[in-house]
Amino acid sequence: MMTSSLPRLAVFDMDGTLIDSLPDLAACASRLLEHYGLPPITPDLVRPMVGDGVAMLVRRLLAHAGPAAAAIDPTEATTRYMADYTPHSTDLSRPFPGTETMLARLRADGWHMAVCTNKPVAAARHILKGLGLEDWFVAVGGGDSFAARKPDPCPLLGTIELAGGDPRRAIMTGDHHNDVACALGAHVPAIFARWGYGRPDMEAGATVGADSIAEIARLAGELIPA
């Protein structure tokens, strides 16, 4: 099969790109800290902790808590966090405004869509289903789906394979340097989501940046014409 005959594939990060999940992530973070007798944490402090998976988020929460958290087992705390987060992961989280309009435009233009996240795949699917987004995506790759996680290119390449796509006909959109790095490693164009949680310097290396989710369909078409 000629590469040009394959559908174009738009791959998306989830937290901070498709979904504003910070309210639930922060609420769960505060409940975890309070369980250990530690002070709660505000969403603005949790924001820069997001993007490297749950285990790293929990480690950063414990580091933030300082010496009072030194005796807490990070593995046990991660298990506790996920047990609490999963049933509450769509309490406050919502797709960013314009997400479904953007996905509909991509589909109308002949694109297939997939998700590549460092969140565990079961949790990712639970959230997508809970927010009514599941049917937009032909594949979902999670942080436990492959041998490595972003920024390694393996999860992106694996997600593209799950979706029946080809890296030469794919793009990656995300708000974190992990998304840019994995796209670079996979030789896939990267769109940096400036509306998300990542710092501005994380855009370095991206093919292009987008100020709004409404720009994605246009930019995607420019990067990989039909």
Side-chain angles (χ1 to χ4, degrees), residues 9-26 28-29 42-57 60-61 85 89-90 92-103 105-106 111 113-121 123-124 127-128 131 133 136-137 140-143 145 148-153 155-156 159-160 170-186 188-220 222-223:
L9 178 67
V11 184
F12 294 91
D13 173 51
M14 199 165 77
D15 297 311
T17 300
L18 293 171
I19 297 167
D20 185 8
S21 54
L22 183 62
D24 283 316
L25 291 168
C28 185
T42 58
D44 63 303
L45 292 175
V46 176
R47 181 187 299 266
M49 301 181 184
V50 176
D52 292 300
V54 176
M56 185 56 70
L57 170 60
R60 287 168 177 162
L61 290 170
Y85 175 71
S89 56
T90 58
L92 304 171
S93 299
R94 297 292 181 268
F96 281 103
T99 294
E100 292 198 70
T101 299
M102 177 271 296
L103 294 172
R105 182 176 169 191
L106 283 173
W111 288 79
M113 285 85 76
V115 167
C116 181
T117 174
N118 274 343
K119 190 184 293 295
V121 69
I127 293 168
L128 291 170
L131 296 180
L133 296 176
W136 288 107
F137 302 104
V140 178
S145 297
R149 296 184 301 139
K150 298 181 293 183
D152 193 288
L156 176 55
T159 299
I160 292 170
I171 63 169
M172 175 71 196
T173 299
D175 70 316
H176 198 273
H177 66 78
N178 285 340
D179 303 306
V180 175
C182 78
L184 288 172
V188 169
I191 301 176
F192 185 77
R194 293 173 181 155
W195 63 86
Y197 306 149
R199 302 184 309 271
D201 62 275
M202 291 185 177
E203 186 174 337
T207 312
V208 66
D211 292 314
S212 165
I213 204 165
E215 299 176 42
I216 297 302
R218 174 184 60 80
L219 291 172
E222 292 174 356
L223 290 170

message: Suppose we screen for side chain to side chain donor-acceptor pair (under 3.5 Å). Which residues come up paired with Arg94, at least two apart in sequence or across chains?
response: none

Ignoring hydrogens and angles, tell me if any N or O in the side chain of [X] forms a donor-acceptor pair with the backbone of [Y] under 3.5 Å.
X	Y	result
Arg105	Ala217	no
Thr173	Phe12	no
Arg149	Asp52	yes

Heavy atoms only: give me the nearest [X]-[Y] pair and the separation to one decimal.
X	Y	value
Gly185	Pro153	C-CB, 3.6 Å
Tyr197	Asp20	OH-OD1, 2.6 Å
Ala124	Thr117	CB-CG2, 3.8 Å
Ser89	Asp24	O-OD2, 3.0 Å
Gly209	Leu219	O-CD1, 4.1 Å
Leu128	Phe137	CD2-CE1, 4.0 Å

task: May I have the step-by-step check of side chain to side chain contact (heavy atoms under 4.5 Å, CB included) for Met172 and Thr159, ending in yes or no?
output: CA-CA 11 Å; Met172 175 71 196; Thr159 299; over 6 Å; no

- prompt: Who pairs with Asp201 by salt bridge (charged side-chain N to carboxylate O under 4.0 Å, His left out), at least two apart in sequence or on another chain?
  reply: Arg199

Should [X] and [Y] count as side-chain neighbours, where that means a heavy-atom distance under 4.5 Å?
X	Y	value
Lys150	Cys116	yes
Lys119	Leu25	yes
Val208	Glu222	no
Met49	Leu61	yes
Thr99	Trp136	no

task: For side chain to side chain contact (heavy atoms under 4.5 Å, CB included), just list the numbers for Arg194 and Glu215, CA-CA rounded to whole Å, side-chain angles, deciding distance to a tenth of an Å, and then say yes or no.
output: CA-CA 11 Å; Arg194 293 173 181 155; Glu215 299 176 42; 6.0 Å; no

Atom [atom1] in [X], atom [atom2] in [Y]: separation rounded to 0.5 Å?
X	Y	atom1	atom2	value
Leu223	Ile191	CG	CD1	5.0 Å
Leu184	Leu156	CG	CG	10.5 Å
Glu203	Asp179	CD	CG	12.5 Å
Ile171	Thr207	CD1	OG1	9.0 Å

query: Where do Ile127 and Tyr85 land on the side chain to side chain contact (heavy atoms under 4.5 Å, CB included) test, with the steps shown first?
result: CA-CA 11 Å; Ile127 293 168; Tyr85 175 71; 3.5 Å; yes

message: Between Thr17 and Asp175, is there a side-chain donor-acceptor contact under 3.5 Å, judged purely by atom types and distance?
response: yes

message: Pair Phe96, Met102 - check side chain to side chain contact (heavy atoms under 4.5 Å, CB included), show working.
response: CA-CA 11 Å; Phe96 281 103; Met102 177 271 296; over 6 Å; no

message: I need the single residue from Val50, Leu57, Asn118 that forms a side-chain contact (heavy atoms from CB on, under 4.5 Å) with Asp15. Which is it?
response: Val50

